[in-house]
Amino acid sequence: MDFTLTEEQVMIRDAARDFAQAELLPGVIERDEKQEFPTVQVRKMGELGFLGMMVSPDYGGSGLDTVSYALAMEEISKVDASASVVMSVNNSLVCWGLEHYGTEEQKQKYLTRLAKGEIIGAFCLSEPEAGSDATSQKTTAIDKGDHYVLNGTKNWITNGGTADVYLVIAQTDVSKKHHGINALIVEKGMPGFEVGPKEQKLGIRGSDTHSLNFNDVKVPKENRIGEDGFGFKFAMRTLAGGRIGIASQALGIASGAYELAKKYSKERKAFGTEICNHQAIAFKLADMHTQIEAARHLVLKAAWDKDNGNNYDLSGAMAKVYASQVAMDTAIEAVQIHGGNGYVKEYHVERLMRDAKITQIYEGTSEIQKIVISRSILKD
Ligand code: CAA
Ligand code: FAD
């Protein structure tokens with residue numbers, strides 16, 4: 001068993017760390033406060049290859065493995081989880097989905113620009129009445145020969161306002177249930193496509209989350225991804241990898257909070273000594289460190305499974321459910337270690353605590369991950 005990272009993986013991790021410190025840290029508190037999308041920073045992430053990390057260079061990507069992607073996601077998320085969710089959706093849902101299941105024409109037209117971050121993508125599965133219960137799609141894509149007519153509403157769409165390309169899941173033939181669902185590429189500006197108001201959120205406030213409305217949107221047949229009826233499988237396959245990205249995000253939030261808490265505990269004095277010398281604080285740090293290390297092993301194992309052609313549905317779900325719990329627990333303890341300072345914005349940990357919560361909700365709630373895990377282990 002070899003836990004050593006390759007030289008390339010170390011280089012990518014360090015580059016992401018440097019980028020996060022230099023470009024994301026300044027202004028992160030203000031963007032959170034104003035719910036401001038990190039436009040300039042996301043453009044730079046595209047220029048540095050962070051938005052199409054696993055895409056082949058033939059399509060404008062960086063051609064890296066999933067382990068490198070997970071390491072970069074962790075580093076970016078330590079500092080700014082709003083920027084990392086943009087990165088996660090673009091990489092593991094939109095680019096990955098198009099590269100693996102799109103036609104050559106779709107790749108040339110959309111993937112090449114998405115991978116370089118020239119345009120941003122969104123992944124649109126959730127609806128007002130279809131969140132966890134994702135097969136209950138109410139959005140319809142009616143087959144009209146050479147095009148589909150799309151009607152319905154999508155909820156909670158990350159990059160909803162900033163994206164140019166939207167992968168939209170919709171029901172074509174209700175009699176076939178989930179086998180009658182399709183995935184369509186919808187472009188911003190197609191007549192009948194409207195972006196709803198921005199959600200006012202607890203955390204990841206710099207990312208833009210919107211509902212989307214489709215009113216008789218004509219989508220050409222050539223914009224369908226895969227065979228007729230492949231849409232639900234497409235969503236599930238894409239999300240299996242996406243969950244590794246969100247697990248890495250959760251890991252980053254946890255390690256960011258831990259590093260801040262450790263530093264603070266060595267500086268802050270109470271009862272004549274640094275607070276880290278009080279065993280109650282030292283033990284908190286010991287627990288945080290241990291849990292983060294366990295989460296990191298699960299995350300990297302899932303990424304390694306994906307890179308090595310193993311099934312990663314189970315390892316990805318385990319990584320996500322565990323790392324997101326560690327993110328929540330660690331961020332809460334980091335606030336506690338900071339005392340009153342933990343409760344104010346300038347020490348960053350209150351934001352990390354707010355950001356941590358979403359990792360237990362999106363890309364399948366923790367309860368849904370446990371459904372995936374239990375079905376997988378009971379099948380054996
Ligand atoms: N890979 C391939 N196919 C899969 C699959 C997988 N991982 N998981 C399920 N399927 C297939 C099944 O094989 C089945 O197809 P067949 O009938 O041909 O065998 C079909 O999908 C339906 O599967 P189930 O019967 O298991 O469906 P279910 O209704 O019990 O639901 C579920 C399964 C896992 C709960 C699924 O609905 C689910 O993942 N829900 C959560 C939705 C989710 O994660 N949404 C995230 C939205 S994106 C997002 O959130 C982005 C962001 O925040 C940034
Ligand atoms: P529900 O499905 O209504 O669940 C409510 C509660 O019931 C949860 O605790 C859930 O775990 C539990 N529950 C439901 N079913 C079961 C069951 N069978 N067993 C046990 N417990 C169950 N979606 C997209 O498609 N694209 C995006 O880009 C995207 N970005 C998002 C960004 C943000 C900030 C947020 C908040 C959400 C985003 N989502 C996105 C939606 C997200 O994936 C859903 O919110 C999530 O899948 C849960 O669906 P729901 O909100 O409808 O909750």
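One-based numbering, in listed order, for ligands and for the atoms of each. Not measured: the values here are computed from a predicted model. Computation of the quantities below employed the complete heavy-atom set of this structure, encompassing side-chain atoms and omitting hydrogens, waters and symmetry-equivalent molecules. We're numbering straight along the sequence, starting at 1.
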Self-check item: Atoms in ligand 1 flagged as close to His178, the criterion being non-hydrogen separation under 4.0 Å
Solution: 14 (C), 15 (O), 16 (P), 17 (O), 20 (C), 22 (C)
Quiz item: Do Asn159 and Asn90 meet the criterion of a side-chain donor-acceptor pair at a distance under 3.5 Å?
Solution: no
Quiz item: Which atoms of ligand 1 are found less than 4.0 Å from any heavy atom of Ser126?
Solution: 47 (C)
Quiz item: Can you tell me if Ala235 has a non-hydrogen atom under 4.0 Å from ligand 1?
Solution: no
Quiz item: Below 3.5 angstrom, do we get any N/O pair linking Tyr362 and ligand 1?
Solution: no
Exercise. Identify, by atom number and element, the atoms of ligand 1 in contact range of Gly131, meaning under 4.0 Å from any of its heavy atoms.
Key: 42 (C)
Exercise. Report the part of Glu363 (side chain from C-beta onward, or backbone N, CA, C, O) that has a heavy atom under 4.0 Å from ligand 1; answer both or neither where that applies.
Key: both
Quiz item: Atoms of ligand 1 less than 4.0 Å from Asp313 heavy atoms?
Solution: 1 (N), 6 (C), 7 (N)
Quiz item: Which of the atoms of ligand 1 are close to Val89, meaning less than 4.0 Å from one of its heavy atoms?
Solution: 54 (C)
Quiz item: Under 3.5 Å, is there a donor-acceptor pair between the Thr139 and Glu127 side chains?
Solution: yes
Quiz item: Would you say atom 25 (O) of ligand 1 has a protein heavy atom nearer than 4.0 Å?
Solution: no
Quiz prompt | Geometric N/O contact Asp133 with ligand 1, under 3.5 angstrom | solution = no
Quiz item: Between Tyr166 and Phe123, is the ring centre distance below 6.0 Å?
Solution: no
Pairs of nitrogen or oxygen atoms, one from ligand 2 and one from the protein, closer than 3.5 Å: please tabulate them with distances.
residue, atom, partner, partner atom, Å
ligand 2, 2 (O), Ser132, N, 3.0
ligand 2, 2 (O), Ser132, OG, 2.7
ligand 2, 11 (O), Thr365, OG1, 2.7
ligand 2, 11 (O), Glu367, OE1, 2.7
ligand 2, 23 (N), Ser126, OG, 2.7
ligand 2, 25 (O), Leu125, N, 2.9
ligand 2, 25 (O), Ser126, N, 2.8
ligand 2, 25 (O), Ser126, OG, 3.2
ligand 2, 26 (N), Phe123, O, 2.8
ligand 2, 28 (O), Thr158, N, 3.0
ligand 2, 28 (O), Thr158, OG1, 3.3
ligand 2, 30 (N), Trp156, O, 2.7
ligand 2, 30 (N), Thr158, OG1, 2.8
ligand 2, 39 (N), Trp156, O, 3.4
ligand 2, 49 (O), Ser132, N, 3.4

Self-check item: Ring centres under 6.0 angstrom apart (His289, Tyr258)
Solution: yes
Quiz item: Within a distance of under 4.0 Å, is there any protein heavy atom near atom 32 (C) of ligand 1?
Solution: no
Quiz item: What atoms of ligand 1 come within less than 4.0 Å of a heavy atom belonging to Ile368?
Solution: 40 (N), 41 (C)
Practice problem: Would you check if the distance from the ring center of Phe3 to the ring center of His297 is below 6.0 Å? | Solution: yes
Quiz item: Any Lys/Arg nitrogen of Glu267 or Lys263 sitting under 4.0 Å from an Asp/Glu carboxylate oxygen of the other?
Solution: yes
Quiz item: Picking from Ile169, Val168, Asn155, what satisfies side chain to side chain contact (heavy atoms under 4.5 Å, CB included) with Leu125?
Solution: Ile169
Quiz item: Would you say the side chains of Ser82 and Ser207 form a donor-acceptor pair under 3.5 Å?
Solution: no
Practice problem: Show which atoms of ligand 1 fall inside a sub-4.0 Å distance from at least one heavy-atom site of Arg243. | Solution: 39 (O), 41 (C), 43 (C), 44 (O)
Exercise. Please determine if Thr158 has a nitrogen or oxygen closer than 3.5 Å to a nitrogen or oxygen of ligand 1.
Key: no
Exercise. Mind checking whether Ser132 contacts ligand 1 via backbone (N, CA, C, O), side chain (CB onward), both or neither, at a 4.0 Å heavy-atom cut-off?
Key: backbone
Practice problem: Within a distance under 4.0 Å of any heavy atom of Phe123, pick out the atoms of ligand 1 and give their elements. | Solution: 48 (S)
Quiz item: Under the 3.5 angstrom rule, does the side chain of Arg354 hit a backbone N or O of Gly203 as a donor-acceptor pair?
Solution: no
